[in-house]
Amino acid sequence: MNGKKYIIGNWKSNKILSDVRSWFTKFNSLYKSDNKISLDNLEIVICPPFIYLPEADNLIKKFNLPISLGVQDISPFPQGAYTGEVGASQIADFAKFVLVGHSERRSNFGETDKLLFAKVDQADKNGLQVVYCVADNQTLIPQSVTMVAYEPVWAIGTGKTESGENAGKVADSIRGNLKTLKIIYGGSVNSKNITDFLTGNRLDGVLPGGASLDAGSFWEMIVNASRI
Ligand code: PEP
């Protein structure tokens, strides 16, 4: 747990193309104007809607930003006759990370363990790093998973958070004997509370949704995390 800390921004189904361009332009100017910050201890990831992956990829390259891309979902099938789906091999052209089992997908789209395990299988076959989202320490986790996001449902988008201490305890119980399992926390993380989650080395990062939508607040989280 002394490795890099992950800050994984989940944009959900937000933003239109012009917003995406403004976000990266603003992030770039904040990043370039702060020449003292060291990001060596951080892995910064943004998960935009699928449709903006190519544009986000172009902007990251154009501005030479220390950001990797992730996606919010993945098809449980390989590429082929699966209308409306985006397959792992297509995602792998742009992204390194994939969220699987976010509570909004479990509740709004009825995603079951069986379906989620098939998604993980597709991600594994195509070299994508899965971030497997669970609501508690009772949720089934596929064996191949190396990174889990602990996201209590009551804390998502509500402004209410776990304490860093409690999140750390739940992380320890999810981890059990699997000492190398990375666990990040999600649920109303922002620039004010991020330090609480990242100090103490029980958590490997955070998964902010709302606070990642503005490049300024996302940058503030990065600055605060870089000081830990
Ligand atoms: C999320 O998107 O997984 C999330 C935790 O959102 P928020 O930070 O807005 O609660």
Side-chain angles (χ1 to χ4, degrees), residues 5-15 19-20 23 27 42-53 56 67-74 91 95-111 116 119-120 123 128-139 141 145 147-171 174 181-198 202-225:
K5 300 288 187 198
Y6 293 77
I7 303 182
I8 305 182
N10 175 14
W11 284 0
K12 311 192 184 195
S13 189
N14 287 296
K15 299 195 185 298
D19 300 328
V20 175
W23 192 98
F27 186 95
L42 300 178
E43 171 90 40
I44 302 163
V45 183
I46 283 292
C47 303
F50 283 126
I51 191 171
Y52 301 128
L53 280 176
I67 297 180
S68 301
L69 287 173
V71 290
Q72 304 164 22
D73 187 29
I74 187 171
I91 292 166
K96 267 168 58 178
F97 295 85
V98 54
L99 307 181
V100 178
H102 192 284
S103 67
E104 288 157 12
R105 297 219 51 94
R106 291 179 193 257
S107 63
N108 295 324
F109 303 97
E111 297 199 346
L116 297 175
K119 292 183 178 207
V120 168
L128 294 166
Q129 164 77 61
V130 170
V131 181
Y132 200 78
C133 303
V134 304
D136 51 38
N137 59 6
Q138 300 302 307
T139 314
I141 299 173
V145 163
M147 191 186 302
V148 165
Y150 163 50
E151 298 206 296
V153 174
W154 54 263
I156 298 180
T158 59
K160 296 181 195 147
T161 59
E162 272 284 25
S163 64
E165 174 65 20
N166 252 344
K169 277 188 193 152
V170 178
I174 293 171
L181 187 65
K182 292 188 193 314
I183 312 231
I184 65 175
Y185 168 80
S188 298
V189 174
N190 59 37
S191 60
K192 294 202 168 57
N193 60 31
I194 190 169
T195 311
D196 187 31
F197 295 111
L198 296 186
R202 287 166 106 177
L203 292 161
D204 297 284
V206 288
L207 176 50
S212 70
L213 292 175
D214 175 69
S217 63
F218 193 64
W219 179 250
E220 267 179 52
M221 287 191 281
I222 291 169
V223 171
N224 292 342

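Indexing begins at 1, ligand by ligand and atom by atom, following the structure's order.
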Margin query: I'd like to check Val98 versus Lys119 (side-chain heavy atoms, cut-off strictly below 4.5 Å). Are they in contact?
Written below: no
In terms of atom number and element, which parts of ligand 1 are under 4.0 angstrom from non-hydrogen atoms of [X]?
X	result
Asn10	1 (C), 2 (O), 3 (O)
Gly186	5 (C)
His102	1 (C), 2 (O), 3 (O)
Gly187	5 (C), 10 (O)

Return yes or no for this condition: an N or O of [X] is under 3.5 Å from an N or O of ligand 1.
X	answer
Ser188	yes
Gly157	yes
Gly209	yes
Gly210	yes

Note to self: Could you check whether any heavy atom of Ala155 sits closer than 4.0 Å to an atom of ligand 1, since that is the contact criterion I want to use?
What the structure shows: yes
Next item on the list: Decide whether the shortest distance between a heavy atom of Pro208 and an atom of ligand 1 is less than 4.0 Å.
Entry: yes
Check: Can you tell me if Ser188 uses its side chain to pair, donor with acceptor, with the backbone of Ala155 under 3.5 Å?
Finding: yes
Check: Tell me, which protein residue and heavy-atom name are nearest atom 2 (O) of ligand 1, and how many Å apart are they?
Finding: Lys12 CE, 2.7 Å
Next item on the list: Could you give me the CA-CA distance, side-chain angles and deciding distance for Leu116 and Arg105, then say whether side-chain contact (heavy atoms from CB on, under 4.5 Å) is met?
Entry: CA-CA 10 Å; Leu116 297 175; Arg105 297 219 51 94; over 6 Å; no
Note to self: Under 4.0 Å between a side-chain nitrogen and a carboxylate oxygen: does that hold for Glu43 and Lys96?
What the structure shows: yes
Check: What do the steps show when you test Glu220 against Lys192 for salt bridge (charged side-chain N to carboxylate O under 4.0 Å, His left out), and what is the final call?
Finding: CA-CA 9 Å; Glu220 267 179 52; Lys192 294 202 168 57; 5.7 Å; no
Margin query: With a 6.0 Å cut-off on the ring centroids, do Tyr52 and Trp11 count as close?
Written below: no
Margin query: Please give me the minimum heavy-atom distance between Val134 and Ile141, naming the atom from each residue.
Written below: CG1-CG1, 3.9 Å
Next item on the list: Could you go through the side-chain contact (heavy atoms from CB on, under 4.5 Å) check for Ile184 and Phe197 one step at a time?
Entry: CA-CA 9 Å; Ile184 65 175; Phe197 295 111; over 6 Å; no
Next item on the list: Quick one: look at Glu104 and ligand 1, take heavy-atom pairs under 4.0 Å, and tell me if it's side chain, backbone, both or neither.
Entry: neither
